[in-house]
There are 2 protein chains.
Amino acid sequence: MSPRRVTLADVAKAAGVSRTTASLVLSGRGRELRISQDVEQRVLRAADELEYRPNIVSVGLRTGTSRTIGFVSDTVATSRLAGDMIKGALEAARDRGFMLFIGETEGDAELERLLLQTMHDRQVDGLILASMFTRAIKVPKAITAAPAVLLNALPKQPTPLPAVLPDEVEAGRRAARVLLEAGHRDGIHLIGAGPGLRDVPPESVAAVERLVGIREALGEAGVKVAGARTCPDWQPEYGFAATRDLLHTIRPRALICFNDRIAMGAYQALDDAGLKVPGDVSVVSFDDHPIASWIRPTLTTVALPHYELGRTAVDVLFAEIGREHADAERVGEVHRVPMPLRSRESIAPPPAD
Amino acid sequence: MSPRRVTLADVAKAAGVSRTTASLVLSGRGRELRISQDVEQRVLRAADELEYRPNIVSVGLRTGTSRTIGFVSDTVATSRLAGDMIKGALEAARDRGFMLFIGETEGDAELERLLLQTMHDRQVDGLILASMFTRAIKVPKAITAAPAVLLNALPKQPTPLPAVLPDEVEAGRRAARVLLEAGHRDGIHLIGAGPGLRDVPPESVAAVERLVGIREALGEAGVKVAGARTCPDWQPEYGFAATRDLLHTIRPRALICFNDRIAMGAYQALDDAGLKVPGDVSVVSFDDHPIASWIRPTLTTVALPHYELGRTAVDVLFAEIGREHADAERVGEVHRVPMPLRSRESIAPPPAD
DNA sequence: CTGTTAGCGCTTTCAG
DNA sequence: CTGAAAGCGCTAACAG
């Protein structure tokens with residue numbers, strides 16, 4: 001099909017030197033080994049003219065390295081939000097000349113084992129184990145074969161693996177403060193979780209952490225949550241139902257919704273009840289899902305930094321790869337990535353009574 | 001770090017045979033070469049006990065194959081919709097024991113060249129060149145090195161590359177027919193493109209194809225489009241503006257929005273004007289973006305079959321790889337993937353006058 | 001039926 | 001300063 005690739009041997013021949021010399025020059029170690037200028041130039045020129053490209057597979061076989069990292073997730077590639085995570089990882093990897101293998105497990109442990117196996121067979125230099133939404137995962141044993149980092153996930157059992165996560169607690173504080181700064185002190189209701197730290201959807205790490213932050217910031221200001229509704233799942237319909245129920249008995253001044261989809265449902269319930277955002281009720285939320293800027297009024301929300309999470313995971317992974325010998329002692333530190341506030345139109349001072 | 005991998009030589013030694021024999025047995029060609037049952041069993045058992053896994057890199061070097069395909073897109077990994085495309089490709093590839101390299105070009109031709117180069121260096125067996133939204137792309141010359149298929153994209157110049165695309169024309173017909181079947185014959189307006197085939201956003205293949213289908217189905221029924229507004233970009237704000245302007249002068253009976261984001265804007269404008277969907281105005285749209293089932297009333301829409309597109313691309317690619325020698329003569333056929341209708345709540349018979 | 005031999009393309013001692 | 005030789009793990013002729 002193609003006219004056979006140019007190999008190192010071709011370059012060496014064209015330059016009239018041995019493969020060794022050519023290899024040395026091309027891997028940039030010509031200088032330190034004091035190879036003559038003349039030879040160096042000849043090799044470089046030959047490589048250039050022949051358009052030589054090293055065969056990475058071959059290098060991989062020889063060096064046991066593949067300049068590739070495996071990105072394994074439950075189903076991250078699919079969610080738009082999380083797609084940015086891949087993008088961040090992709091770019092960070094590319095900056096270092098690495099490629100990414102993507103794999104999805106669909107939450108199936110057996111599939112996960114197979115996938116890790118396969119990646120190992122392909123000699124990946126490291127692994128990123130990602131979860132679509134922040135939660136505690138069972139770290140597969142198979143993973144110990146290569147350096148690895150957890151992305152958007154916490155280990156269920158203690159492991160030496162580092163983890164990269166959004167700073168949800170600070171995000172909770174931030175959401176609460178936005179309301180505080182607008183002058184809200186009363187009638188602040190939570191939609192999605194709370195009021196207690198146990199009133200959260202199953203497995204949701206984000207829920208409890210956001211809740212902690214919210215309560216902390218409110219508490220410091222001496223403000224109490226007026227009420228809270230838990231949603232079994234953070235989907236618009238539950239946000240709608242929870243808000244509608246709330247409105248049957250109470251007229252809130254502000255809503256902290258636990259994510260944008262819930263906020264969307266809340267908007268609908270508020271609208272049905274003839275309440276205006278933000279004139280009657282202020283709304284703040286989390287995630288910065290694309291709809292946050294589509295719904296009207298546009299939604300103020302604390303963004304999940306997907307892109308940064310992806311980049312950070314790769315950075316942490318490279319630090320891990322760089323580490324000579326993994327001290328079994330070391331316990332995986334967790335890296336928190338800040339969640340930035342996106343100020344939009346859904347917040348106003350409380351209506352004067 | 002790990003205790004050195006088990007190699008074929010280890011298995012051979014343990015089974016008391018040569019590497020060749022072990023290789024033959026393990027690649028399943030033992031039978032046809034009539035290797036003795038005894039030997040076969042010994043090898044199999046040894047491999048099993050030692051947990052032997054072939055080193056794919058090595059096989060790759062030897063056979064020039066990598067059981068890997070490259071998925072290069074402008075920015076497909078990022079868009080939630082298109083994430084499903086990757087998912088489909090991922091699964092189809094996995095079914096055949098292949099992995100996927102993902103790469104994004106950000107529409108930068110130089111980056112694209114580099115990426116293709118890199119994938120080529122890594123001996124990918126085939127390439128999928130994907131676009132986030134359907135359009136004509138300039139096929140990079142570098143791509144001829146390996147079998148390739150265009151996904152969600154048409155070649156600008158004629159090439160022998162096959163292309164996989166959603167069947168937009170049929171989708172257009174389908175959208176129009178839904179309205180027709182509900183009894184609509186008058187007051188049907190287009191939001192996003194039209195009425196002429198030239199009234200479309202730049203580069204949008206989908207726009208003209210959908211338009212063709214719509215006009216065809218309507219034409220067959222002897223129905224004329226009452227009016228149309230083009231949007232410079234298919235975002236909610238433009239859908240909102242276009243619909244609001246339309247409502248200044250006209251009271252439509254039905255809207256065909258060119259995608260769900262536009263429809264979302266249209267909903268807002270309709271709501272502002274005090275018009276009910278679908279009681280006063282029916283709405284049909286395209287894409288089946290997640291919001292289509294979130295907004296109320298839920299939106300009837302003709303879905304982009306992202307997952308299927310991804311799968312199909314891989315299937316077509318494998319057919320391509322299987323083909324012995326690419327006849328330069330062959331012109332790339334285009335495969336159209338059906339776009340299914342998602343019937344929801346936004347359509348009703350026209351109000352009786 | 002099975003083993004010997006020879007590489008795939010590259011890096012890396014080890015001698016000049 | 002440069003080259004010869006070995007070998008990463010595997011497969012494929014080619015002999016026996």
Q: Whole Å only: how far is the NZ atom of A/Lys13 from the P atom of C/dG9?
A: 13 Å

Q: Rounded to the Å, how far apart are A/Leu8 CG and D/dA4 P?
A: 14 Å

Q: Do the side-chain N or O atoms of B/Ser58 get closer than 4.0 angstrom to the phosphate oxygens (OP1, OP2) of D/dC10?
A: no

Q: Tell me: CG of B/Asp10 to C1' of D/dC8, nearest whole Å?
A: 13 Å

Q: At 4.0 Å (heavy atoms only), tell me whether B/Val57 reaches a base, stays on the sugar-phosphate, or touches nothing.
A: nothing

Q: Measuring to OP1 and OP2 of D/dT2, would you say a side-chain N or O of A/Ser36 lies under 4.0 angstrom away?
A: yes

Q: Suppose we screen for side-chain hydrogen bond (donor to acceptor under 3.5 Å, both in side chains). Which residues come up paired with B/Glu333, at least two apart in sequence or across chains?
A: B/Arg330

Q: Pick base, sugar-phosphate or nothing for A/Leu61, based on heavy-atom distances below 4.0 Å to the nucleic acid.
A: base

Q: May I have the distance from B/Gln123 (atom CD) to C/dG9 (atom C1'), rounded to whole angstrom?
A: 10 Å

Q: Counting only heavy atoms and a strict 4.0 angstrom limit, can you tell me which residues of residues 42-55 of chain B come near DNA chain D?
A: B/Tyr52, B/Pro54, B/Asn55

Q: Can you run down the ring pair (Phe, Tyr, Trp, His ring centres under 6.0 Å) pairs that involve residues 88-115 of chain A, sequence neighbours left out, and say none if there aren't any?
A: A/Phe98-A/Phe318, A/Phe101-B/Phe101

Q: Give the rounded distance in Å between these two atoms: CD of A/Glu40 and P of D/dC1.
A: 12 Å

Q: Please list all pairs meeting side chain to side chain donor-acceptor pair (under 3.5 Å) that have one or both residues in residues 44-60 of chain B, counting only residues at least two apart or in different chains.
A: A/Asp121-B/Arg53

Q: Would you call B/Glu110-B/Arg113 a salt bridge at under 4.0 Å N-O?
A: yes

Q: Assuming nearest nucleotide by heavy-atom distance, tell me which of B/Val39 and A/Val59 is located more 5' along DNA chain C.
A: B/Val39

Q: For nucleotides 12-16 of chain C, which of its nitrogen or oxygen atoms have a protein nitrogen or oxygen under 3.5 Å away, and what is each distance?
A:
from   : atom 1 : to      : atom 2 : distance (Å)
C/dT12 : O4     : A/Thr20 : OG1    : 3.1

Q: Going by salt bridge (Lys or Arg N to Asp or Glu O under 4.0 Å), name the pairs with one or both residues in residues 154-163 of chain B, residues two or more places apart or in two chains.
A: none

Q: Using the side-chain hydrogen bond (donor to acceptor under 3.5 Å, both in side chains) criterion, which residues pair with A/Thr65? Sequence neighbours excluded.
A: A/Asp125

Q: B/Leu8 and B/Ser23: which non-hydrogen atoms are nearest, and at how many Å?
A: CD2-CB, 3.8 Å

Q: Show me the pairs that pass ring pair (Phe, Tyr, Trp, His ring centres under 6.0 Å) and involve residues 12-37 of chain B, at least two apart or across chains.
A: none

Q: Nearest to the side chain of A/Thr21, which nucleotide is it out of D/dC10, C/dT2, D/dT2?
A: D/dT2

Q: Apply salt bridge (charged side-chain N to carboxylate O under 4.0 Å, His left out) to A/Asp38 and list each qualifying residue two or more places apart in sequence or on a separate chain.
A: A/Arg42

